[in-house]
Trainee: 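Handing you this structure, nothing more for now.
Just so it is clear, the values below take in all heavy atoms, side chains as well, and ignore hydrogens, waters and symmetry mates. The sequence lines fix the lettering, A, B, ..., with proteins before strands; numbering per chain opens at 1. Everything numeric in this text was worked out from a predicted model, so none of it was measured.
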Protein chains: 2
Amino acid sequence: MTVETIRWKNNRVELIDQRLLPAKLKYAICVTDKDMWTAIRTLKVRGAPAIGVAGAYGVYLGVRESKAKVYKAFRREVDRIIEYLARSRPTARNLFWALERVLDVVEKNKDKKISVIKKIILREAHTILKEDKKTCRAIGRYGSVLIPRGSTVLTHCNAGGLATVDYGTALGVIFTARKKIKRVYVDETRPVLQGARLTAWELKKQGIPATLVCDNMAASLMADGEVDTIIVGADRIAANGDTANKIGTYGLAILASYHNIPFYVAAPVSTFDLSISNGREIPIEERDSLEVKKIGKEYITLKDMDVRNPAFDVTPAKLITAIITERGLIKSPCRKRIRDVVNRQDARGKK
Amino acid sequence: MTVETIRWKNNRVELIDQRLLPAKLKYAICVTDKDMWTAIRTLKVRGAPAIGVAGAYGVYLGVRESKAKVYKAFRREVDRIIEYLARSRPTARNLFWALERVLDVVEKNKDKKISVIKKIILREAHTILKEDKKTCRAIGRYGSVLIPRGSTVLTHCNAGGLATVDYGTALGVIFTARKKIKRVYVDETRPVLQGARLTAWELKKQGIPATLVCDNMAASLMADGEVDTIIVGADRIAANGDTANKIGTYGLAILASYHNIPFYVAAPVSTFDLSISNGREIPIEERDSLEVKKIGKEYITLKDMDVRNPAFDVTPAKLITAIITERGLIKSPCRKRIRDVVNRQDARGKK
C-alpha cells in the first residue's frame, strides 16, 4: 500500500487533506454530504478515481440520517444528494460514474426496507473503493510492459495513490515498473502544484529517484534526450479517445509527438464517457483566479490581475500512443478499440 | 517612457529591484562593481539588454577608485573587473557585448590619462543606455507591422521596459502596436515569475488589457483559437538563428508551429553572437534549486527534493517566423539573412 487516501473509519470518511501535503499528513473528516461536497470542491480530495470513491461515500453520508419511510420519498432524497454531489466538480467522469452506480443499486433494491437500502449504499461505496485498488494494480501490470529498461519517465500532475484509493494509475505503472525506471521527472503542475506537492511526496516515499521541474522545462528535457516515456492520468475520455486531464497535458502531448516520445494515458474504464463523442463536448472546469494569483499566502502578481484558470485541457486521441486500462491496453485509441475494451467485460455486471 | 529601469544618479547606479515587484517599486543602489555583480546575479536587474547596460556601468564602478598611474596597470584592473562581471551570468550575449564595447573604448584611448579613460568608460555606459532606448523604439516600429488588427498576443517572461532601459523588445512591439491589440496573454513564467510579476505590472501600468495564465495553459489557449501571435525576447542568438531565451520559450515555439501561429523573437543586434554557429554552443545557466522549491518564504515541495532549474532553453531557428531587430526584420532566419542584418550598419562604427 502506498497511501491510504480515503478510508471508512468510526462510521465516517477520513481522507488525506491533500492541500496540506507535503508539509503535513493529516486526515480530514467527512460526516455529512456537505462535508464531502466541500472536500471535493476545495481539493482536499482530488484525482478522478478518488473523487469517484469520495462521491459514493458522500451519498451514504447524505442519506444515513434520512427519516424517509417509503422508497419514493427516500429516492427523492437520494436524487437530490446525487445532484448536489455532482455539482462539486464538472470534469472527472469517475464522480458521475460512481454516483450512477450508487443510484443503480438503490433502484435495484427499491423493494427492500429503507434501512437496508442505506446499508447497501454503504456497501457499494466499500465495493467501489476495493475495486479501485484492484483496478490500479491491473493498470500497473498492463502499463509496466510499455516501460523500457533503464528509462526515464515524465509525469504531470498527480495520478498516484493520492488520486485513487492507494496505488495510482500513471504512478501505478511507475510503481510496478520501478526496477526498470532510472528516474522520474515530475512536472510541478501549476497552479495547484499537484506534481511538486503530491507526486514528489509519493515518489520520495517509495524511494524512486525523482526530479522536480517546472512545467515549462519539459520541452527542454525532451530536446536533451532526457525523457523516454510520458505517462499521465485522465479525468474523462470521450468515445473517440480524446482525453481531458490536468491543464498542461495537451501541451505535453504535442511536445511528445514533436520529439517522438511515446505518450501514455493511464485510466480505469470508469473514466471513459462513451456518451460523449469527442473532446469538444467535455465540460472544462474554470477554477478561482486566486489559485493562480496566490501561492500560499502570497500574491505572485497584481491583486486585480485578470486571470484564466482552466483546470483541464483536452488531448486529441491522435496524440496518445496508448491508453492503459485495467482491462488491457488500447493502442492508437479510436472509437472501435475503445468500445471493445470498455464493453469487453463489464466489471459491474460480473460482480 | 514606460519605466526607468536603470539610471545614473548622484554618481551611482540606481536600478529597480525587480525581485520586489509588483508589491514594491524600489530602487537598489550600486556603488561598487561587487554591488553590480550581486544585482545581476540575484536578479535585482535582469533581461539581456538591461544587464548589458548594468555591466557597462559596473566596469566604471569598479575602476573609478583605481589608483593605477599607468595604462598597463589600469588595463589589468579593467580586465579583472570585466572578467569578474562576466561571471555574474553566462547566457545573455548583451552582457559580454557591453563589456567588450567598454574594453574597446579603453583600448582605443590607451594614450589618454587614466582619469580621462575613466570618464570615457562612464560616457560609454551612458551611450549604451541611450542607444538602448532608441533600439527598443526601432524594434517596436519594425515589429508593429507584424501585428494584425484586433489580435491577441501571447508573451513569455518579461522582455519589457524592465528587461531593457525603459521600453522593451517584445513588449516594445506590443506598446507600439497597442491600438491593434485586443488582449495580451502573459505566461507567468516559472520559476521566477517574471511574467506574473513584471510583464503583468508593465502592461497594467500602460492600460493594455492583459490576462495572466500559467505556462502550461498556453497550449489550451492556442487550441481554442485565442492566440494570434506570439512574441518573446532573446538572451543570445547564434549565427544560424537558434535562440536562447527564458526557459519555456522552446516549448511555446513548438506549440506555435503545431497551431500555425506566427512566433516572433524581438531582440537588438547586441543579442546576436555570430561567433557561435548554432544553439548547441550557447551556455545555459542552471540556477539554484531554491528558485523552484520555494515561492516567497514557502516551500512548495519537499525540502530535499531533487530539482532541475535551467534558466533558458534554445529554440531552433526553423521554429522562428521572424526575428525583429532595430535594423529591420529577419524573416525565416538563416545564416545569410542574419549576417546581412547584423553587419549591415554597425551602429558602433558609425557613432
Trainee: Relative to chain A, which of A218(B), C214(B), G251(B) shows the most heavy atom pairs under 4.5 Å?
Mentor: C214(B)
Trainee: Between L203(A) and chain B, which part of the residue has a heavy atom less than 4.5 Å away: side chain, backbone, both or neither?
Mentor: neither
Trainee: Can you pull out the donor-acceptor contacts between chain B and chain A, under 3.5 Å, including backbone atoms?
Mentor:
unit_1, atom_1, unit_2, atom_2, d
R183(B), NH1, D306(A), OD2, 3.4
E188(B), OE1, R190(A), NE, 3.3
E188(B), OE1, R190(A), NH2, 2.6
E188(B), OE2, R190(A), NE, 2.6
R190(B), O, N216(A), ND2, 3.0
R190(B), NE, E188(A), OE1, 3.3
R190(B), NE, E188(A), OE2, 2.6
R190(B), NH2, E188(A), OE1, 2.7
A196(B), O, T301(A), OG1, 2.5
K204(B), NZ, D304(A), O, 3.2
T211(B), OG1, D306(A), OD2, 2.4
L212(B), N, D306(A), O, 2.8
L212(B), O, R308(A), N, 3.1
D215(B), OD2, N216(A), ND2, 2.9
N216(B), O, G248(A), N, 3.3
N216(B), ND2, R190(A), O, 3.0
N216(B), ND2, D215(A), OD2, 3.0
E226(B), OE1, R308(A), NH1, 3.3
E226(B), OE2, R308(A), NH1, 3.0
G248(B), N, N216(A), O, 3.4
Y250(B), OH, H259(A), NE2, 2.5
H259(B), NE2, Y250(A), OH, 2.5
K297(B), N, E298(A), OE2, 3.2
E298(B), OE2, K297(A), N, 3.1
T301(B), OG1, A196(A), O, 2.5
D304(B), O, K204(A), NZ, 3.2
D306(B), O, L212(A), N, 2.8
D306(B), OD2, R183(A), NH1, 3.4
D306(B), OD2, T211(A), OG1, 2.4
R308(B), N, L212(A), O, 3.1
R308(B), NH1, E226(A), OE1, 3.3
R308(B), NH1, E226(A), OE2, 3.1

Trainee: Looking only at heavy atoms and a cut-off of under 4.5 Å, which of L302(A), L198(A), L255(A), V213(A) has the most pairs with chain B?
Mentor: L302(A)
Trainee: Count the heavy-atom pairs under 4.5 Å between each of L252(A), I295(A), L212(A) and chain B, then report the option with the highest count.
Mentor: L212(A)
Trainee: Of the listed residues (I284(B), I247(B), L21(B)), which shares the most heavy-atom pairs with chain A below a 4.5 Å separation?
Mentor: I247(B)
Trainee: Between L193(B) and chain A, with a heavy-atom cut-off of 4.5 Å, which part of the residue counts as in contact: side chain, backbone, both or neither?
Mentor: side chain
Trainee: For chain A, find which of P191(B), P209(B), G195(B), A23(B) contributes the most heavy-atom pairs closer than 4.5 angstrom.
Mentor: P191(B)
